[in-house]
Visitor: 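Questions regarding the structure given below will be posed in turn.
The chains referred to below are lettered A, B, ... by the order of the sequence lines, with proteins before strands, and numbering in each begins at 1.
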Amino acid sequence: MAKKKLAIIGNGMGTCRLLDEFAQRDGFTRYEVTVFGEEIGGAYNRIQLGKVLAGEAPSAIVTKPPEWYDQHGVRLLAGTRVQSLDPLRRSIETDDGQSRRFDLAVLATGSQPLVPPLENLLVENGELRLGAFVYRTIGDCLRMRERVRPGDCAVVIGGGLLGLEAAKVLSDLGLHVTVVHVAQTLMNAQLDLLGGGMLCRQIERAGIFVRTGRTAEAVYGEERIEGVILDDGTSLPADLLVLACGVRPRVDVARAAKLPVNKGILVNDTLATSVPGVYAFGECAEHQGKLYGIVAPVWEQAVVLADVLCGTKPQARYRGSKLYTRLKVAGVDVASMGNLEPELESDQVYQVIEDRRSAYRKLIVRDGQLVGAMLVGNTAAAATLVQLFDRGDPLPEDPLEALVSARSGAAAAPADRTICNCHKVSEATLREAIANGADSVAALGECTKAGTGCGSCKGELGQLVSTLVRKPAAALQVAN
Amino acid sequence: MARAAPQLRLVTAETTKTHCPYCAFQCGMTITAQHADRRQLSIQADPEFPVNRGQMCIKGFTSAALLDHPARLRSPMLRQNGRLVPVSWDHALDFVAQRLRELSEQYGPASLGAFGSGALTNEKAYLLGKFVRLALRSPNIDYNGRYCMASAAAGQNKAFGLDRGLPFPVSDLAEAQTLLLWGSNCAETMPPIMQWVFEQKNRGGKLIVVDPRRTDTARSAALHLQPTPGTDLSLANGLLHLAIEEKLLDERYIAERTEGFDAVRRSVLTSHPAHVERVTGVPIELQRKAVRWLAGAERSMALSGRGMEQQSKGTDTVLALINLMLALGKVGKPASGYGCLTGQGNGQGGREHGQKADQLPGYRYIEEPKHRAEVAKVWGIDPAELPGKGKSAYELLDSLGPAGGIRALLVFGSNVAVASPNSGNIVDKLAQLDLLVVCDAFENDTSANAHVLLPTTQWAEEDGTTTNLEGRVILRRRVQDPPQGTRSDLEVFVALSARLGRPHGFQFESPREVFEELRRATAGSKADYSGISYEKLERQQGVFWPCPSEQHPGTPRLFAERFAHPSGRARFHAVPYRAAAELPDSEYPLYFTTGRYKEHYNSGAQTRRVAQLVDAKPVPRLQMHPSLARRLGVSEGEAVLVESRRGQVRFDVLLSGDIRPDTLFAPFHWGGKQAANLLTIPALDPASRMPEFKVCAVKARAAGPLKD
């Protein structure tokens, strides 16, 4: 059977994952795949852009070098922009004037950074004025890096995930950094007022200045940017301006092709658009009214799309993703999942505020299930909570127990269990021996014979000694 | 009898040094026999054997109970009118040979199959492989080692070009500054090994344990990572991601001693710690601590157990751990690197000598023309006479009966009806056989459907070698005469091949003669035994293979200079994460995982017959977290019905905070209605064909009182 021609438009993290999923499913035996990538080179891990900004070689974050595509028989057209797509004639026009046929097309065009309408920001040809940058590609980071000098001043517009990451890297490079954020608190998509405030104080303690509830109105400087003027009239001198105020799905090609587009390209549970043979996923796609701007949902979509297209699980369906953010923001651990605030009257909210430690934990519980949680400054319970959240497992009767981690093993085993099987010595006997003065594993062995057979219970004996004798013992145990 | 003077007893007491019949640790033991009025044996741990150094677990101490056990088979049994009745050996062997001939003629030689065991000595494993290929002329032989460490074997072969459980003596554990035990509860499964772990700790070493349960082993650790069942691969990839992020790699080692790192580096770039935390449930801080401890120590060692290996991605999981240890530059350095804690007594030797569907003696491949020629030469046949590759363990058992095409099965030292995943299916398939022959010392769950039972001798009644988890070949000794009416498996192979009209190549009088041929058959191979003799084994407390000549002392440590691939380099393998074959969902919302009790061994065919062991652990208990128990409304000791898509089992509950609230655990040592493997899933690893014993989805509810 002749292979079908599959065109993938875009070569970001979604496509990278989709190709891996295809490889695992022998998808390249069914499809002749062409990937259209606007950037030069292969796919890379956008989440790690901070590394490149901080000075590492771009190759450190490349997930698929061009050779990978060759080895897997995938045609990569890097540095090629798709001008238009004709779903009826099934052809794609690129900016090099070529036209290519396809049988199936997958739009994975991602998103582009929003450029806010600041006065004087753009030069005549519509480009950003020298010194102003968006933070989206390896190219952006390399250009920014060239201009960065310790002692320079930087203003970052946008106090979300990306903006705070850029701010941290720049601060670590020795710059004076101010973050300007339109909302009342930082990371307002992931944190409530209290959490955002807590984060803000921590970030300022780390040496970054924050202006919340402010917007930038204009930039000044002619040859290059010299500063930013805020809506309250304040001027902030700046050698570097980083725009991190959100992204917009890239839908121009889809719109021009007359594909159904709302905010994003409309897809159903199979990631198909209503036009036969055309699919879309990732940040450019809109599923059930939702657009996703973080990587985990995009990967989940890639798995479903690969299952459907490769026929490994044709009935696979994408039902939406649960949102989870987990990162270290300027040295502060943050985790956030699901709802930020209660929605129903019956929703229960639990908050643990440790003001002096700048730690904050919040749970939103509906019908005994976790529908939202945020952790700032103390994320020890993140692993437990996110699994409860993902699976909708019932919470403990007192949901706060989940915060001390369900796996800390608070429940004691019955005291009469046999610890030394060779000599049939029970825990109760051992406790008694310890109470009567046996203060080591060896001493226990002398008076009870425990541990003198096969010796395999010595670890437990040690633990018993260390908990009951109350002195630093040889056998330490740190469970999570 | 009354006249037997006490002095006389003492004079005739005789002490023999040998090894335990159970696990791969193969503790040295001394057995003292009183040759007086009664056969009485006393068993002690051998303080001089350098592996167990005088320690032994309760199974070893009580192992003599099996020898003169009242339930022991003492006569061949033949099924007549539905009942097994005693018959003479000649009668039984004639019957078996006759049926094998008939079935072979009617359905072809590939309709005959055999199932071996990691409990067989090297001599038996070797001769069984030869018997199936030459006397039965069938490709279909495999063994229960496929259920044991096949994933570690496949992983080591891919990465190092060689598979030996531990590439170093077990005493090296004590010298590791960081020791990682991943998916091994060796405090219960191999108790005497803990002396080396404790010594490691006493010398100031750090111990890390990865296990979904806080086991006895995990209690001993300074750091316990408790991943969600079936997510070990994600965790291992995540650790490598962190090692890269924190710049902990040994770049020079990677450049000089390995190949393929770049693809692996790129592949783990997307194993972000936060993502790994979400998948595995292991907090980022603990991931970080683990990798820092491994990288920060000059001598660090990672050992895997069945927990990470018995998954449908077990081989990849092993490879991910090997990737980590290679990237940190540890493999082949003193008291460092990767090893596997092999499970069965002769799990190591059992996989080297041709018991596997795809292998010939000396780890040679049956599909490799050069290897076929080498073995054919020793066997004095034309290579063309050797069959090709057969079916792997579960696939072989799943093919029993008219539909699958295997009409006759000979089982040696394995209780497949309990040990296989989705065991209900296997029990059904066993019942469809035209001929089932079980060679064992006892009746067991598998023999319930047998047409013929052949009573065999046991470990202390015959000589033979095994190869322990270190790759140390050791000698087991005959301590007393076998009971009347029993025969060694070796004698069975010899007698049957003669009756099948193919006696050529089966003229052996003793295990030693078989071993002498095994030496020749492995000469020049990876697992080269040619320089090993029974005398040398006694003299040296065992010999580590490869040992290519009489003068060669053996090879305790591997990979110091080079790896076994032609390039001499170790190979990295990119192993992206994939989920378990079956995940919890709304219908079956819990994970189920299996494991062992210290008091029992494998399917319990032996240990469930030892009173002391049964007293200590009479029944399997379902380990359950108290918070889950509260939700299900059950309390300590109450019955719970656990159900998977394949079967259901009723267990009594053991409440414990040591298990994750989303996971249930039960031991697999029991058969019949208590068999944990009625629940498990037969999803196989694509490389090792290992079934996914360690994770499937179940539901559970209070069972109420038993009605009958």
Visitor: Excluding sequence neighbours, so at least two apart, what forms side chain to side chain contact (heavy atoms under 4.5 Å, CB included) with B:P667?
Guide: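 Per chain and number, B:P667 pairs via side chain to side chain contact (heavy atoms under 4.5 Å, CB included) with B:Y597, B:P620, B:F665, B:H669, B:W670.
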
Visitor: Are there over 12 heavy-atom neighbours, none belonging to A:E397, within less than 6.0 Å of that residue's CD?
Guide: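 Result for CD/A:E397: open.
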
Visitor: With only heavy atoms counted, which part of A:Q48 is less than 4.5 Å from chain B, the side chain, the backbone, both or neither?
Guide: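 For A:Q48, the side chain is the part near chain B, not the backbone.
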
Visitor: Which residue out of B:E277, B:R631, B:Q195 racks up the most heavy-atom pairs below 4.5 Å with chain A?
Guide: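 Most heavy-atom pairs under 4.5 Å with chain A: B:E277.
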
Visitor: With a 4.5 Å heavy-atom cut-off, do A:R326 and B:R278 have their side chains touching?
Guide: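 Heavy-atom side-chain distance check fails, nothing below 4.5 Å.
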
Visitor: So what's closer than 4.5 Å to chain B heavy atoms on A:R391: side chain, backbone, both or neither?
Guide: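 When you check distances to chain B, only side chain atoms of A:R391 fall under 4.5 Å.
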
Visitor: Find the distance between CG (B:D662) and CG (A:L388) and round it off to the nearest 0.5 Å.
Guide: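 The CG atom of A:L388 is 8.0 Å from CG of B:D662, to the nearest 0.5 Å.
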
Visitor: Checking A:L385 against chain B: side chain, backbone, both or neither under 4.5 Å from a heavy atom?
Guide: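 For A:L385, no heavy atom lies under 4.5 Å from chain B.
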
Visitor: So B:H272 and A:W299, would you call those rings parallel, tilted or perpendicular, with 30° and 60° as cut-offs?
Guide: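 The rings of B:H272 and A:W299 lie parallel, inter-plane angle below 30°.
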
Visitor: Which answer fits A:K64, side chain, backbone, both or neither, if we ask what part of it has an atom under 4.5 Å from a heavy atom of chain B?
Guide: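 It is the backbone, since no side chain atom gets that close.
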
Visitor: Of all the residues in residues 56-63 of chain A, which have a heavy atom that comes within less than 4.5 Å of a heavy atom in chain B?
Guide: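 Answer by number: A:E56, A:S59, A:A60, A:I61, A:V62, A:T63.
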
Visitor: Does CG belonging to A:D367 count more than 12 external heavy atoms closer than 6.0 Å?
Guide: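 Atom CG in A:D367 is not crowded, with 12 or fewer foreign heavy atoms closer than 6.0 Å.
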
